[in-house]
Amino acid sequence: MNYKSIIADKIAKAAELNVDDVQKLIEIPPKPEMGDFAFPCFQLAKVFRKAPNLIAQELSEKIDKEGLERVETVGGYLNFFVDKASFSKGVIEKILAEKDVYGHSKIGDGKTVTIDFSSPNIAKPFHVGHLCSTAIGNSLYKILSSQGYNCVGINHLGDWGTQFGKLIAAYERWVDEEALEKEPIKELLRIYVKFHDEAEKDPSLEDIARQHFKNLEDGHEKEVKLWQKIKDVSLMEFNRIYDMLNIKFDSYAGESFYNDKMDAVVEELKQKNLLVESKGAQVVNLDEYNMPPCIILKADGASIYATRDLAAAIYRKKTYDFYKNIYVVGMDQSLHFKQVFTTLKLMGYEWADNCVHVGFGLVKFADKKLSTRKGDVIFLEDLLNEGIARAKQAIEEKNPSLENKDEVAKKVGLGAVIFTYLKNNREREIIFNFDDILSFDGETGPYVQYSYARAKSILRRAEEEKFATSADFTRLSSQEEFELVKLLASFNEAILLSIEKYEPSIVTRYIIDVAKAFNKFYNLCPILSCEDEGLKAARLSLVEATTYVIKNGLALLGIDVVEKM
RNA sequence: GCGCCUUUAGCUCAGUUGGAUAGAGCAACGGCCUUCUAAGCCGUGUGUCGGGAGUUCGAAUCUCUCAAGGCGCACCA
């Protein structure tokens, strides 16, 4: 039960209009002095053949004012001021009753969503760019789960493809087993880079690599063994990072998993007369969709990523019967996904429309380019450790007597990094800069965590006082208090909007707003020293309600709160 | 050349689906700790919303066009 629909109902009755249409028009005024909700009457002018301000005037007289403080008209706007006491009471009591599940809903019950995210390439470093897909995917997983959707997190490991031919060729020639034991990814990266250097001088190496990959696909023992070894050591390193970020997957079915499922796809394409030969390759023609063809089999008969993605999509539909099938992959691959989805549609799969590519901008560097082939990368682990180190340093400066500093530093440091990655519109590029990503001031992860810690500190002290008067919500009358209450009330709306747009940053921004409103309230309204017992209790319950919203909100981003910092 | 994305304050970015005087953070300057954690709060200043045209009561938001930057355009993923 929310106020927006109550107000929509009142307007609908007074104006004799459809409730849903009215609700869509209701907006929140730019400034609180203008009201809590507003109904613009401009569009009604045509229907009623009257000036908007007249319509607003007439409606304001006809409307049922119960539960409202007052209704004002300004020009063509009808502005509603809700009854603060009953609104605050309703919101706060709901939060305190629902606690850890406040903001959650069941709208996704019975619907399964597969989310393909993170998906690093085996044998390559997990660098700062990989956190985009990892953080966004993990957050969407949590956001969708909170609304009842059954999520399946899939780490579509890049553990197949001609790059393995290159790696095997490089391994046979230049590997240092001792280094591989100590720092596997670094050694694999070194020989991979060396391969590209050598291949420039001797192009025949490329042919050898292709042959190795062909052998791997055909199951030759030597290649399979080396591939498994490379995969094992890589996964160990990836898991260290996933553990650090507390990210789990339901499936690690990567590209290799679909190796034996591609023939069926090729066969099906043939049967449906979609496959044509072009320049020696087998492709699906997409001319009528104004796209280049989707390559299914290369001229040498080997598979390609589009083949695997087709097999994977079909497998996921069969296995999970998804409601939505989400791919959290960089924007640079949008054409590829368009091609794959269109091909699925051509195969007669209507559910192709439920496949969604959630793209994001790339991580860039101000001066240099990030290139795995040149070995020019910043490891994600180094960034995370730097964040933790800086958080530790901040603790030593600001709160040296804090207990379990390392644990707090870890949560704050990681929180700062994740928060930065989830703060802006995902389609924006990130220009990599340690100081920007690890900032602790202003609209940042630590700012929100700090707000939470302050709130918890007050609640701990209140506990000691054994405070027991019942709250008098009619006393919560200041603008700071009411603005915070209104924000807390709109948590679920923010979550639903972020689902609609596949955009975690909407939740991130919402939490920033809550923390800001809380800090304002905190600075202006005395809580523990408040002499009016009823007001004190009401303020304490508002503080407690805020802690649940911040905690639940950060959880949706994959960020932990700290009780003290 | 074609397609997609981006362009809002000195910098980094929001902008509730077309609404009221376009907002935050950072940076700069000034204030607030004998009272709940100063990683905080308050105050001060800055705008051809990339340019132009159109659609209408009303445009940062929709359409067209031009420009700048990024990405992609067949056997890498």
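The chains referred to below are lettered A, B, ... by the order of the sequence lines, with proteins before strands, and numbering in each begins at 1.
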Problem set entry | For B/A27, the Watson-Crick or wobble counterpart (both distances under 3.5 Å) | none
Problem set entry | Interatomic distance at P, B/G51 relative to B/U61, whole Å | 10 Å
For this session: Taking all non-hydrogen atoms of both residues into account, name the closest pair between A/Ala38 and A/Asn79 and its distance.
Result: CB-OD1, 3.3 Å
For this session: Could you state the atom-to-atom distance from NE2 of A/His357 to C1' of B/G72 in whole Å?
Result: 12 Å
Problem set entry | For B/C4, the Watson-Crick or wobble counterpart (both distances under 3.5 Å) | B/G70
For this session: State whether the distance check finds a donor on one side and an acceptor on the other, under 3.5 Å, for side chain A/Ser278 versus base B/A74.
Result: yes
Exercise. In terms of the angle between their ring planes, are A/Phe432 and A/Phe434 parallel, tilted or perpendicular, with boundaries placed at 30° and 60°?
Worked result: perpendicular
Exercise. What class does the angle between the rings of A/Phe341 and A/Tyr327 fall in, given that below 30° is parallel, 30 to 60° is tilted and above 60° is perpendicular?
Worked result: tilted
For this session: Looking only at side-chain atoms of A/Ile28, point me to the closest of B/A77, B/C71, B/U16.
Result: B/U16
For this session: Looking at every strand, decide which applies to A/Asn79 at a 4.0 Å heavy-atom threshold: base, sugar-phosphate, or nothing.
Result: base
Exercise. Quantified in whole Å, what is the P atom distance between nucleotide B/U44 and nucleotide B/G25?
Worked result: 12 Å
Problem set entry | Sidechain N-carboxylate O distance under 4.0 Å for A/Asp197, A/Lys194 | no
For this session: Identify whether any heavy atom of A/Ala302 sits under 4.0 Å from a base atom; if not, whether one sits that close to sugar-phosphate; answer base, sugar-phosphate or nothing.
Result: nothing
For this session: Specify the separation, in whole Å, of atom CD of A/Glu427 and atom P of B/U6.
Result: 5 Å
Problem set entry | Presence of salt bridge, A/Arg390 and A/Asp435, under 4.0 angstrom | yes
Exercise. Reckon A/Arg428 has a side-chain N or O less than 4.0 Å from the OP1 or OP2 of B/A14?
Worked result: yes
For this session: Would you list the pairs meeting side-chain hydrogen bond (donor to acceptor under 3.5 Å, both in side chains) in which at least one residue belongs to residues 20-30 of chain A, sequence neighbours left out?
Result: none
For this session: Could you tell me if the ring centre of A/Tyr305 sits under 6.0 Å from that of A/Trp160?
Result: no
Exercise. What's the base orientation of B/C42: syn (chi within 90° of 0) or anti?
Worked result: anti
For this session: Could you check how far CG of A/Asn424 sits from P of B/C5, rounded to whole Å?
Result: 19 Å
For this session: In whole angstrom, give the distance that lies between atom CD1 of A/Ile506 and atom C1' of B/U17.
Result: 11 Å
Problem set entry | Syn-anti status, with the boundary at 90° from 0, for the nucleotide B/U17 | syn
Exercise. Only one of A/Ile499, A/Ile143, A/Ile512 forms a side chain to side chain contact (heavy atoms under 4.5 Å, CB included) with A/Val507, so which one is it?
Worked result: A/Ile143
Problem set entry | Atom C1', compared across B/A53 and B/A67: separation rounded to whole Å | 15 Å
Exercise. Are OP1 or OP2 of B/C71 and a side-chain N or O of A/Lys364 less than 4.0 angstrom apart?
Worked result: yes
Seminar exercise, completed: To the nearest angstrom, the CZ-P distance between A/Phe432 and B/G70 comes to 21 Å
Problem set entry | C1' spacing across the pair B/G58 / B/G1, given as an integer number of angstrom | 39 Å
Seminar exercise, completed: Expected string for nucleotides 29-41 of chain B under the B/S/- scheme (protein heavy atoms, under 4.0 Å, primed atoms plus P, OP1, OP2 as sugar-phosphate) is -------BBSBBS
Exercise. Which residue pairs satisfy the salt bridge (Lys or Arg N to Asp or Glu O under 4.0 Å) criterion with at least one member in residues 483-498 of chain A, sequence neighbours excluded?
Worked result: A/Asp36-A/Lys486, A/Glu483-A/Lys486
Seminar exercise, completed: Mate of B/A39 across any strand shown (Watson-Crick or G-U wobble, both atom pairs under 3.5 Å) is none
For this session: Would you kindly give the CD-to-P distance between A/Glu503 and B/U16, to the nearest whole Å?
Result: 13 Å
For this session: Among B/A74, B/A14, B/C73, find the nucleotide with the atom closest to the side chain of A/Pro292.
Result: B/C73
Seminar exercise, completed: Checking N1-N3 plus N6-O4 or O6-N4 for Watson-Crick, or N1-O2 and O6-N3 for wobble, each under 3.5 Å, the partner of B/C62 is B/G54
Exercise. If you find the nucleotide of RNA chain B closest to A/Gly158 and the one closest to A/Ser505, which residue's nucleotide is nearer the 5' end?
Worked result: A/Ser505
Problem set entry | Protein-nucleotide distance (A/Leu44, atom CG; B/G58, atom C1'), rounded to Å | 15 Å
Exercise. Roughly how far apart, to the nearest Å, are B/G31 and B/C13 at atom C1'?
Worked result: 27 Å
Exercise. Between A/Gln339 (CD) and B/G72 (C1'), how many Å, whole number?
Worked result: 10 Å
Exercise. Relative to each other, are the rings of A/Tyr258 and A/His156 parallel, tilted or perpendicular (30° and 60° limits)?
Worked result: tilted
Problem set entry | Rounded C1' spacing from B/G72 to B/U48 in Å | 33 Å
For this session: Determine the Euclidean distance between corresponding C1' atoms of B/G10 and B/U63; express it in Å to zero decimal places.
Result: 34 Å
Exercise. Closer to the 5' end of RNA chain B via nearest nucleotide, is it A/Glu429 or A/Ala299?
Worked result: A/Glu429
For this session: Pick the C1' atom in B/A77 and in B/C11, then give their distance to the nearest Å.
Result: 35 Å
